[in-house]
Undergrad: 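One structure coming up, written as structure tokens, with questions to follow.
We name chains A, B, ... by the order of the sequence lines, and we start the count at 1 in each one.
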Amino acid sequence: MIKGRVHKYGANIDTDGIIPARYANLSDPYELGKHCMENIDVNFSKRVKLGDIIMATTNFGCGSSREIAPISIKGAGISCVIAKSFARIFFRNAINIGLPLIESKDAVDNTDNGNELEIDLSSGKIKNLTKDKIFTAIPYPDFVRELISAGGLIEYTRKRLKIGGK
Amino acid sequence: MTIAEKILAAHASKSKVKPGEFINVKVDLVMAHDLTAGIAVDQFNKIGINKVFDPKKVVFVMDHFVPNKDVVEAEQVKSLREFAKKHHLLFFEAGDAGIEHVILPEKGLVLPGDLVVGADSHTCTYGALGAFSTGMGSTDIAVAMATGEIWMKVPPTIKFVYHGNLKRWVGGKDLILYTIGQIGVDGALYSTMEFTGEVIDKLSMDSRFTMANMAIEAGAKAGIFKVDQKTLEYVKKRAKRPYKIYETDETEEYSQIMEYDVSNIEPQIAFPHSPENTKPVSQVGDIKIDQVVIGSCTNGRLDDLRDAAMILDKKKIHKEVRCIVIPGSQEVYLNALKEGLIERFIKAGAIVSTPTCGPCVGGHMGVLASDEKCISTTNRNFIGRMGSPKAEIYLANPAVAAASAITGKITDPEEV
Ligand code: SF4
């Protein structure tokens with residue numbers, strides 16, 4: 001169960017906005033998290049409390065293939081991203097590194113910046129506690145579900161190749 | 001099926017694939033660069049396999065922050081060099097290199113009909129050769145390095161048809177900026193953009209690379225062109241292995257067809273902070289600039305430098321403007337030198353750099369300060385892309401960039 005406050009943005013939030021390339025040589029998620037969103041929202045990382053939620057409208061994560069984009073979001077303490085649509089490389093990257101993404105037009109249209117949400121990832125139920133409203137996420141395709149339940153792409157591949165436990 | 005679907009089907013060992021279907025494909029080449037290969041190597045090591053699927057099909061290109069701009073980068077490149085050596089990978093840096101999307105086609109590493117994945121969003125550039133190529137993150141690339149396979153969802157294909165005759169100084173960059181201006185930065189989300197029409201038939205290979213390169217800027221998974229005489233001329237002298245040519249079936253139905261008459265379009269300028277904010281050059285008004293960048297995987301090829309040199313010939317760059325010219329590869333650099341282009345740039349007062357991504361990604365060689373304005377032939381004008389988040393980036397073709405360097409403000413090449 002996820003519970004946190006919403007930090008709401010608009011359309012086409014790009015990867016240079018999420019994490020500038022000048023930090024591409026950092027690898028620690030926490031360090032990357034300190035610079036998350038700094039190009040477009042200077043105080044973002046200071047404002048975020050552990051478990052908070054990023055919300056945006058369409059095409060979230062467009063631009064570069066940098067995997068440090070979802071890593072920095074996770075490192076900043078964000079528990080999930082809700083949007084009307086995601087850019088495709090960002091979608092793959094987030095699933096691969098275990099940052100939950102939720103597609104729900106309803107939730108985005110009916111939630112304001114600062115609202116508190118409670119989300120059940122397994123059922124896809126999104127509850128807006130501030131407004132007392134419930135929305136449902138668009139379910140993942142079966143294959144993506146399989147990836148997530150395997151524990152991500154690396155674990156999925158290890159299973160496919162029949163490589164034993166860690 | 002469309003060209004893209006046929007390539008995907010062939011690499012999934014299927015006779016047919018449909019948009020939306022999840023498939024597992026075999027890849028012909030896997031690429032990563034100095035900023036993305038590090039995570040790919042870490043993830044590769046986690047898989048627990050001790051060799052890459054085929055060392056001749058895995059390539060690392062050091063291009064973003066090279067020649068190494070600081071100690072952190074130098075250490076990163078050092079460890080990638082060691083990994084590449086240990087696994088006998090193709091590894092390009094320094095004298096034999098350049099920007100990945102310029103050198104891979106040049107070296108004949110990508111050929112028509114190939115399926116290529118790279119840990120870089122502009123991997124879609126190779127669609128100009130009639131290949132299906134797409135960008136992914138480092139973890140996906142690690143799995144492709146280990147297994148030679150990766151999962152994909154078959155994208156629908158949108159057909160773009162361009163009619164008419166292009167005006168002088170209007171090229172591939174303007175066609176793609178114009179298109180993105182029309183459909184928006186998510187106008188082709190998850191799709192393949194297939195570029196066709198009589199205008200495309202006449203377009204040079206370099207202009208086709210520019211267009212395929214920016215398919216990602218419309219949200220596309222790939223951009224693709226059919227193989228014609230021009231493609232074959234480009235490929236024949238470079239290919240060291242057989243390749244396959246695919247064509248879209250006559251009866252194929254596309255998810256969408258967009259037709260444009262481009263006879264009257266002018267050079268296009270994308271205003272800050274999105275490639276979709278396009279305007280024709282005659283409507284930009286008075287925009288003073290501090291810096292000009294001519295280069296990148298979008299416009300760092302020989303035709304691009306020729307256009308810029310033609311404009312700059314016997315002219316002087318405005319004294320308050322820094323004009324940085326970056327050939328996309330050593331091959332481009334050498335050819336530009338032989339043709340006398342480099343001399344023209346220097347005489348005009350431009351800086352010529354060794355091939356690198358450099359300022360395109362705010363790395364080095366021309367990072368922007370706050371409140372500076374830059375006109376650039378690169379592909380993204382996002383906030384903070386080239387340095388300070390308070391800087392402004394305008395995207396344009398090389399002729400417009402060069403003309404602007406002379407006058408110190410955004411200028412139509414017809415006016416210099
Ligand atoms: S030139 Fe720019 S867009 Fe192209 S690969 Fe380098 S950083 Fe990326």
Undergrad: Side chains of B/L189 and A/F86, heavy atoms from C-beta outward: is any pair under 4.5 Å?
TA: no
Undergrad: Does B/N50, at its CG atom, have more than 12 non-hydrogen atoms belonging to other residues, nucleotides or ligands within less than 6.0 Å?
TA: no
Undergrad: Go through the atoms of B/T147 and report whether side chain, backbone, both or neither lie under 4.5 Å from a heavy atom of chain A.
TA: side chain
Undergrad: Could you tell me which non-hydrogen atom of A/G63 sits nearest to which non-hydrogen atom of B/S121, and how far apart they are?
TA: O-CB, 3.4 Å
Undergrad: Is there side-chain contact between A/N25 and B/F65, with heavy atoms separated by less than 4.5 Å?
TA: yes
Undergrad: From the options B/D120, B/V361, B/L35, B/I39, select the one residue that forms a side-chain contact (heavy atoms from CB on, under 4.5 Å) with A/R66.
TA: B/V361
Undergrad: Between B/T139 and A/E67, is the side-chain hydrogen bond (donor to acceptor under 3.5 Å, both in side chains) condition met? List the steps.
TA: CA-CA 8 Å; B/T139 301; A/E67 211 159 292; 2.3 Å; yes
Undergrad: For the CZ atom of A/F143 and the CD atom of B/E21, what is their distance to the nearest 0.5 Å?
TA: 12.5 Å
Undergrad: Chain B heavy atoms under 4.5 Å from A/L147: which part of the residue, side chain, backbone, both or neither?
TA: side chain
Undergrad: Which atom pair, heavy atoms only, marks the closest approach of B/W151 to A/R92?
TA: O-NH2, 2.7 Å
Undergrad: Just give me the residue among A/N12, A/T157, A/D14 that pairs up with chain B most often, heavy atom to heavy atom, under 4.5 Å.
TA: A/D14
Undergrad: Kindly compute the distance separating OH (B/Y190) from OG (A/S85), expressed to the nearest 0.5 Å.
TA: 7.5 Å
Undergrad: With respect to chain A, which residue among B/Q76, B/K390, B/R380, B/H273 yields the maximal number of heavy-atom pairs within a distance under 4.5 Å?
TA: B/R380
Undergrad: With a 6.0 Å cut-off (strictly less than), is the heavy-atom count around CG of A/D109, excluding the residue itself, greater than 12?
TA: yes
Undergrad: Could you tell me which portion of B/E75 (side chain, backbone, both or neither) has an atom closer than 4.5 angstrom to a non-hydrogen atom of chain A?
TA: neither
Undergrad: Which atoms of B/F22 come close to chain A, meaning under 4.5 Å heavy atom to heavy atom: side chain ones, backbone ones, both, or neither?
TA: side chain
Undergrad: Answer yes or no: does atom NZ of B/K69 have more than 12 heavy-atom neighbours from other residues, nucleotides or ligands under 6.0 Å?
TA: yes
Undergrad: Is chain A contacted by the side chain of B/T123, its backbone, both, or neither, given a heavy-atom distance below 4.5 Å?
TA: neither
Undergrad: Going by heavy atoms in the side chains, are B/E217 and A/C62 under 4.5 Å from each other?
TA: no
Undergrad: Is it the side chain or the backbone of B/R385 that comes within 4.5 Å of chain A heavy atoms, both, or neither?
TA: both
Undergrad: Looking at B/K26, I'd like to know if its NZ atom is crowded, meaning that more than 12 non-hydrogen atoms belonging to other residues, nucleotides or ligands lie closer than 6.0 Å.
TA: no
Undergrad: Taking all heavy atoms of A/R22 and all of B/G387, pick out the closest pair and write down the distance.
TA: NH1-O, 3.7 Å
Undergrad: Would you name the heavy atoms of B/K46 and A/I154 that are closest together and state the gap between them?
TA: CB-CG2, 4.1 Å
Undergrad: Checking the side chain of A/R158 only, and the main-chain atoms of B/I47 only, is there a donor and an acceptor separated by less than 3.5 Å?
TA: yes
Undergrad: What do you reckon, is NZ of A/K159 surrounded by more than 12 foreign heavy atoms closer than 6.0 Å?
TA: yes
Undergrad: At a heavy-atom separation under 4.5 Å, does A/F90 approach chain B through its side chain, its backbone, both, or neither?
TA: neither
Undergrad: What's the separation between atom OG in A/S27 and atom CG in B/D42, rounded to the nearest 0.5 Å?
TA: 7.5 Å
Undergrad: How close do B/G137 and A/I89 get, heavy atom to heavy atom, and via which atoms?
TA: N-CG2, 3.9 Å
Undergrad: Using non-hydrogen atoms only, which part of B/I383 is less than 4.5 Å away from chain A: side chain, backbone, both, or neither?
TA: both
Undergrad: May I ask you to check whether over 12 heavy atoms, not counting those of A/K131, lie within 6.0 Å of atom NZ?
TA: yes
